[in-house]
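Contents: one structure, followed by commentary.
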Amino acid sequence: AQSVAQPEDQVNVAEGNPLTVKCTYSVSGNPYLFWYVQYPNRGLQFLLKYITGDNLVKGSYGFEAEFNKSQTSFHLKKPSALVSDSALYFCAVRPLDTGGFKTIFGAGTRLFVKA
Amino acid sequence: NAGVTQTPKFRVLKTGQSMTLLCAQDMNHEYMYWYRQDPGMGLRLIHYSVGEGTTAKGEVPDGYNVSRLKKQNFLLGLESAAPSQTSVYFCASSLDKAEAFFGQGTRLTVV
């Protein structure tokens, strides 16, 4: 079965430190990969995506993500965390074998950045 | 820019009642989706549409129906609400297979 795993329910970092939010997936083929962020009582907002090309993709608010095909991972990173980065982060994968219409979301990782 | 607009934002239903959630997008997107979000489970796809007049089942379609009579609108219906349908519902739209744009959500409680 196709799936997306975010192994950490919660990640805690101090402001100014680098952060990593992990994501691995089990999907056939070469899917599109996404990261979204959700602030309280809001919908999801797109951060970045990987379709093809350079394994390191840059997105909004200073976030970047590293794609590793052999490990089927797509970890979200930021060199220096801000308190305002505290939110719920979702990794999402869009398999292309079913037409590319469906997106599989991970369960989410809550990021706490402490001042 | 309105983007994706959902109405209502909150609703409390009694078991067995029916209701329709409305979603409107002004980005001329072909693809539209309805998800539900439950704690610890991420987002699960209920139904989706790849164009006006088309709908398809997602991961958890039971108990829900949808219609896409106009390109900009995607309606989600609950014919007979059950407590298991208590959730936060999100509508989204996308251009082809690109990233999705989400509405602010509808918090539904079924008592």
Side-chain angles (χ1 to χ4, degrees), chain A residues 1-10 21 23-25 27 29-52 57-60 63 65 74 87-110, chain B residues 1-10 21 23-25 27 29-51 54-61 66 68 74 87-107:
Chain A
Q2 299 176 327
S3 63
V4 177
Q6 293 182 240
E8 301 151 317
D9 291 336
Q10 184 171 309
V21 182
C23 173
T24 59
Y25 60 91
V27 170
N30 299 310
Y32 292 2
L33 307 171
F34 303 87
W35 276 102
Y36 291 88
V37 60
Q38 185 181 30
Y39 297 101
N41 300 314
R42 301 294 298 274
L44 278 69
Q45 298 176 29
F46 168 74
L47 275 180
L48 49 78
K49 66 184 176 186
Y50 176 84
I51 296 177
T52 187
V57 293
K58 296 188 183 298
S60 305
F63 283 92
F74 190 53
L88 187 57
Y89 291 81
F90 289 97
C91 179
V93 175
R94 181 172 284 204
L96 301 182
D97 56 351
T98 53
F101 305 124
K102 299 181 182 180
T103 300
I104 304 168
F105 284 83
T109 298
R110 192 166 297 279
Chain B
N1 292 335
V4 178
T5 303
Q6 291 181 233
T7 53
K9 290 185 172 49
F10 304 93
L21 279 66
C23 178
Q25 54 96 2
M27 296 172 284
H29 287 169
E30 288 291 341
Y31 299 178
M32 295 188 74
Y33 317 85
W34 275 107
Y35 292 92
R36 59 177 290 172
Q37 183 180 26
D38 301 293
M41 301 186 73
L43 273 74
R44 293 181 292 170
L45 183 64
I46 304 171
H47 285 281
Y48 65 98
S49 168
V50 300
T54 73
T55 63
K57 294 180 180 180
E59 182 184 356
V60 288
V66 288
R68 184 104 180 262
F74 195 30
S87 187
V88 181
Y89 292 84
F90 287 101
C91 176
S93 70
S94 70
L95 187 64
D96 196 2
K97 301 178 181 65
E99 62 273 17
F101 292 79
F102 285 80
Q104 289 197 320
T106 296
R107 187 172 296 275

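Chain A is the first sequence line, chain B the second, and so forth, proteins listed ahead of strands; every chain is numbered from 1.
- Interface remark: A:Gln38 contributes side-chain atoms only to the contact with chain B (heavy atom separation under 4.5 Å).
- Looking at A:Ile51, there are no atoms closer than 4.5 Å to chain B (heavy atoms on both sides), in backbone or side chain.
- Of all the heavy atoms in B:His47 and B:Lys57, the pair that sits closest is ND1-CA, 3.6 Å.
- Of the atoms belonging to A:Asp9, not a single heavy atom falls under 4.5 Å from chain B.
- For a residue to count as touching a neighbouring chain, one of its non-hydrogen atoms must lie under 4.5 Å from one of that chain's; by this rule B:Phe101 does not touch chain A.
- Neither the backbone nor the side chain of B:Ala56 comes within less than 4.5 Å of any heavy atom in chain A.
- With a threshold of 4.5 angstrom between heavy atoms, B:Gln37 approaches chain A through side-chain atoms but not through N, CA, C or O.
- Annotation for B:Arg68 and B:His29: closest pair NH2-O, 3.2 Å, computed over non-hydrogen atoms.
- Side-chain polar atoms of A:Thr109 and A:Gln6 form a donor-acceptor pair below 3.5 angstrom.
- Atom-to-atom distance recorded for A:Trp35:CH2 and A:Leu47:CG is 9.0 Å, nearest 0.5 angstrom.
- Side chain of B:Gln6 to main chain of B:Tyr89: a donor-acceptor pair is present (N/O by atom type, distance under 3.5 Å, no hydrogens or angles).
- For chain A, the nearby parts of B:Leu43 are the backbone and the side chain; heavy atoms of each come within less than 4.5 Å.
- With a 4.5 Å cut-off on non-hydrogen atoms, B:Arg107 touches chain A through its side chain but not through its backbone.
- By the 30° and 60° cut-offs, the orientation of the rings of A:Phe105 relative to B:Phe102 is perpendicular.
- Aromatic ring pairs are classed by plane angle as parallel below 30°, tilted from 30° to 60° and perpendicular above 60°; the pair A:Tyr89 and A:Phe63 is tilted.
- When B:Gly105, B:Gly103, B:Ala100, B:Cys91 are compared by the number of non-hydrogen pairs under 4.5 Å with chain A, B:Ala100 comes out ahead.
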